[in-house]
Amino acid sequence: MSGRYEPNIGDCGDEKKPLVETEQTGTVETVKPLPVWRKICFAVGGAPYQTTNTVINFFLSIFLLEVAKIPPGYVSIIFFAEKAWDSITDPTCGYIVHKTDTRFGKYRPWILLSAPFACGSYLCMWYVPDISDVGKFVWYFCFYCGFQMFLSGLHVPYTSMTRKMTITYSQKDQDSATNYRMVSEAFGVLLAVVVEGQLVGKYRKAGDCADNGKTSDDQIENEKGAYILGAVIVVSAYMISAVTVFFGSRDFSSADSDGFFSGAKQVLTFRPYVLLCTSFLFLSLAIAIVQGNLALFCTHTLKMGDDFSNLILVLLVCTIAAMPLWQKCIVKFGKKTTFATGMIFFIPILIVQLYIPEGEVYWFYPVVVIAGISIAVALLLPWSMLTDVIDEFVLKYGKGKEHIFYSFYVFFSKLSIGVGLGISQAVLAFGGYKTGECKQPASVALALQMLVVPGPVLFTLIALVALWAYPINETRRKEIRRQIQELEKTENHSEQADNRFQGSLQPSSTTGDTSVSYIE
């Protein structure tokens with residue numbers, strides 16, 4: 001496998017050390033497990049993606065409509081066009097990573113180098129320039145596209161490192177590192193909602209009209225300051241995470257000698273991957289539409305705009321709190337069954353939103369609690385299930401191609417967000433949304449109802465159908481794990497034998513002769 005030192009019999013004069021950390025126990029060489037502190041340093045890198053995406057999902061639409069005051073048609077174009085850009089940049093990122101081979105590894109350099117550019121683009125995304133609507137459209141299009149591109153520069157190499165953190169590809173270490181990462185991502189989500197939600201919630205006055213029927217200039221300026229302060233906090237956490245991953249994790253990888261495009265063809269025609277991506281994409285699309293419109297739905301349909309920040313805080317706290325529960329379900333029932341159960345719970349929760357009385361916020365809190373429990377599945381399982389797909393791929397083709405798997409998986413994840421927000425803006429424009437107005441016509445309330453219920457229900461049903469056809473059930477997953485463990489043992493024994501053979505090629509010390517002496 002890539003990243004291992006292959007012994008060269010001709011190197012007997014300068015012995016090279018294997019990259020595996022080992023310890024001698026008598027005559028038996030055993031592999032050390034990955035230290036906990038390295039797993040924690042690795043896990044920290046999962047927070048930036050979840051933090052920024054959570055903020056974008058919940059707040060970018062209302063920021064562009066209410067604060068930047070861009071017409072919804074322009075906003076829709078920004079989100080849709082950015083996904084076309086992602087379709088180029090994400091696979092390109094995978095290709096560049098595929099060709100990378102440095103003294104710091106294959107993945108870590110990109111995590112560190114892309115971070116400053118991502119942070120700069122993110123800050124500009126939340127700044128409101130004093131220019132025309134067309135100028136604002138160009139501004140936000142450029143910096144939104146730029147941020148998503150540089151975010152791929154972190155997340156594609158970072159997620160690909162899960163199988164490269166240890167030279168042995170230990171299944172136990174992989175699972176443990178993934179669990180640490182899920183905890184870090186949960187804290188990233190919590191950071192997003194606590195910081196952004198409370199800052200914006202303090203100053204957002206949508207629905208509270210001045211005498212002229214519009215929000216006042218002072219209210220808008222306060223909101224602008226809140227968004228900028230939130231962005232500064234987020235990018236500070238982003239940089240700390242990138243630096244921690246670079247210096248605290250390990251990367252036993254080298255450039256892949258196989259062709260990228262032939263590997264991409266294998267990956268994109270691999271049935272378990274196609275079905276898992278389809279399920280992940282449509283469930284993420286359903287959640288993205290609901291998240292992207294929740295603020296407007298609360299404000300203009302349910303007349304609960306002042307409670308929006310508290311509602312999303314409850315939603316995401318319940319999401320994080322539910323993760324240990326779903327983890328126990330995974331152990332007992334398996335990943336596929338648990339994933340399906342979470343999606344099934346999500347459907348009636350979506351439908352109930354049609355029957356929440358206006359202004360009765362206490363009716364909405366139980367719905368939000370159950371929704372948070374269901375959404376936890378989408379945060380926990382798709383990335384965990386991808387490691388099973390890669391293991392299945394390794395058994396079939398002999399190599400993992402992690403950079404290709406994750407580059408397209410990241411693209412599908414971001415595609416769901418962009419398409420969801422783009423659809424939302426198109427529907428709002430059709431429904432008569434008036435930019436800059438704090439009170440909207442009744443047609444907007446109806447459009448928001450149609451957005452947060454029928455579409456997400458349909459997309460969740462499609463995700464369930466794809467998951468039903470997904471072939472890796474719990475029985476198959478355990479069989480894959482058993483075969484991977486046997487493969488690891490075989491490779492470790494082979495490598496240890498090669499190292500012992502390398503050590504047996506010693507110059508003769510008794511005669512001073514420089515000829516090679518073969519020791520049995």
Side-chain angles (χ1 to χ4, degrees), residues 50 53-54 57-58 178 182 185-186 189 271-294 297 312 314-354 366-389 409 412-417 419-420 423-424 450-477:
Q50 291 298 337
N53 270 344
T54 299
N57 285 357
F58 280 113
T178 300
M182 291 299 106
E185 290 183 354
V189 169
R271 185 169 177 266
Y273 185 64
V274 172
L275 291 169
L276 180 61
C277 281
T278 302
S279 183
F280 177 45
L281 172 62
F282 280 97
L283 178 62
S284 299
L285 182 56
I287 294 173
I289 290 176
V290 175
Q291 288 180 338
N293 292 285
L294 187 59
F297 180 70
I312 62 170
V314 171
L315 175 74
L316 294 179
V317 167
C318 290
T319 298
I320 295 167
M323 286 185 176
L325 171 65
W326 288 119
Q327 192 65 47
K328 291 182 179 179
C329 291
I330 291 171
V331 173
K332 187 170 183 179
F333 302 108
K335 294 181 181 180
K336 180 176 178 178
T337 301
T338 302
F339 197 17
T341 302
M343 281 194 271
I344 291 170
F345 283 164
F346 193 48
I347 293 174
I349 291 301
L350 292 171
I351 296 172
V352 165
Q353 292 179 104
L354 292 174
V367 175
V368 167
V369 169
I370 301 174
I373 295 171
S374 178
I375 290 173
V377 169
L379 186 63
L380 180 66
L381 273 166
W383 296 95
S384 176
M385 294 172 74
L386 182 56
T387 60
D388 301 328
V389 172
Y409 214 57
F412 291 135
S413 175
K414 294 196 295 184
L415 177 66
S416 65
I417 298 171
V419 171
I423 289 173
S424 301
M450 295 301 99
L451 273 173
V452 300
V453 180
V457 168
L458 175 61
F459 295 143
T460 304
L461 289 172
I462 295 173
L464 275 168
V465 171
L467 184 63
W468 174 77
Y470 176 69
I472 304 179
N473 56 21
E474 187 63 12
T475 302
R476 178 56 187 158
R477 189 184 73 85

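In this text the structure is predicted, and so the values were computed from the model without any measurement. Position 1 is the first residue of the sequence; numbering continues from there.
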Handout entry: From CA spacing to verdict: side chain to side chain contact (heavy atoms under 4.5 Å, CB included), V465, F282
Key = CA-CA 10 Å; V465 171; F282 280 97; over 6 Å; no
Exercise for the section: Apply the test side chain to side chain contact (heavy atoms under 4.5 Å, CB included) to residues I373 and W326: give CA-CA distance (whole Å), side-chain angles for both, the deciding distance (0.1 Å), then the verdict. Expected result: CA-CA 9 Å; I373 295 171; W326 288 119; 3.9 Å; yes
In the structure I gave you, are the side-chain heavy atoms of [X] and [Y] within less than 4.5 Å of one another anywhere?
| X | Y | value |
| --- | --- | --- |
| F346 | V457 | no |
| V368 | C318 | no |
| V331 | K328 | no |
| I312 | L294 | yes |

Indicate the atoms forming the closest heavy-atom contact of [X] with [Y], along with that distance.
| X | Y | result |
| --- | --- | --- |
| L451 | P456 | O-CD, 2.9 Å |
| R476 | N473 | N-OD1, 2.9 Å |
| D388 | I472 | O-CD1, 4.0 Å |
| P471 | L275 | CD-CD1, 4.0 Å |
| S279 | L467 | OG-CB, 3.7 Å |
| M343 | A463 | SD-CB, 3.6 Å |

Can you check whether [Y]'s main-chain N or O pairs, donor with acceptor, with [X]'s side chain at less than 3.5 Å?
| X | Y | answer |
| --- | --- | --- |
| K336 | W468 | yes |
| T387 | S384 | yes |
| S374 | G342 | yes |

Measuring from atom [atom1] of [X] to atom [atom2] of [Y], what distance do you get when rounded to the nearest 0.5 angstrom?
| X | Y | atom1 | atom2 | answer |
| --- | --- | --- | --- | --- |
| E185 | W383 | CD | CH2 | 8.0 Å |
| T278 | Y470 | OG1 | OH | 12.0 Å |
| I289 | N57 | CD1 | CG | 11.0 Å |
| F339 | L283 | CZ | CG | 5.0 Å |
| L381 | L276 | CG | CG | 10.0 Å |
| T338 | K335 | OG1 | NZ | 10.0 Å |

Practice task
Kindly determine whether L464 and I347 satisfy side chain to side chain contact (heavy atoms under 4.5 Å, CB included), including the steps that lead there.
Solution key: CA-CA 11 Å; L464 275 168; I347 293 174; 4.0 Å; yes
Exercise for the section: List the steps, then state whether side chain to side chain contact (heavy atoms under 4.5 Å, CB included) holds for F58 with L316. Expected result: CA-CA 11 Å; F58 280 113; L316 294 179; 4.0 Å; yes
Problem - Y409 and F280 aromatic ring geometry - parallel, tilted or perpendicular at 30°/60° bounds - result: parallel
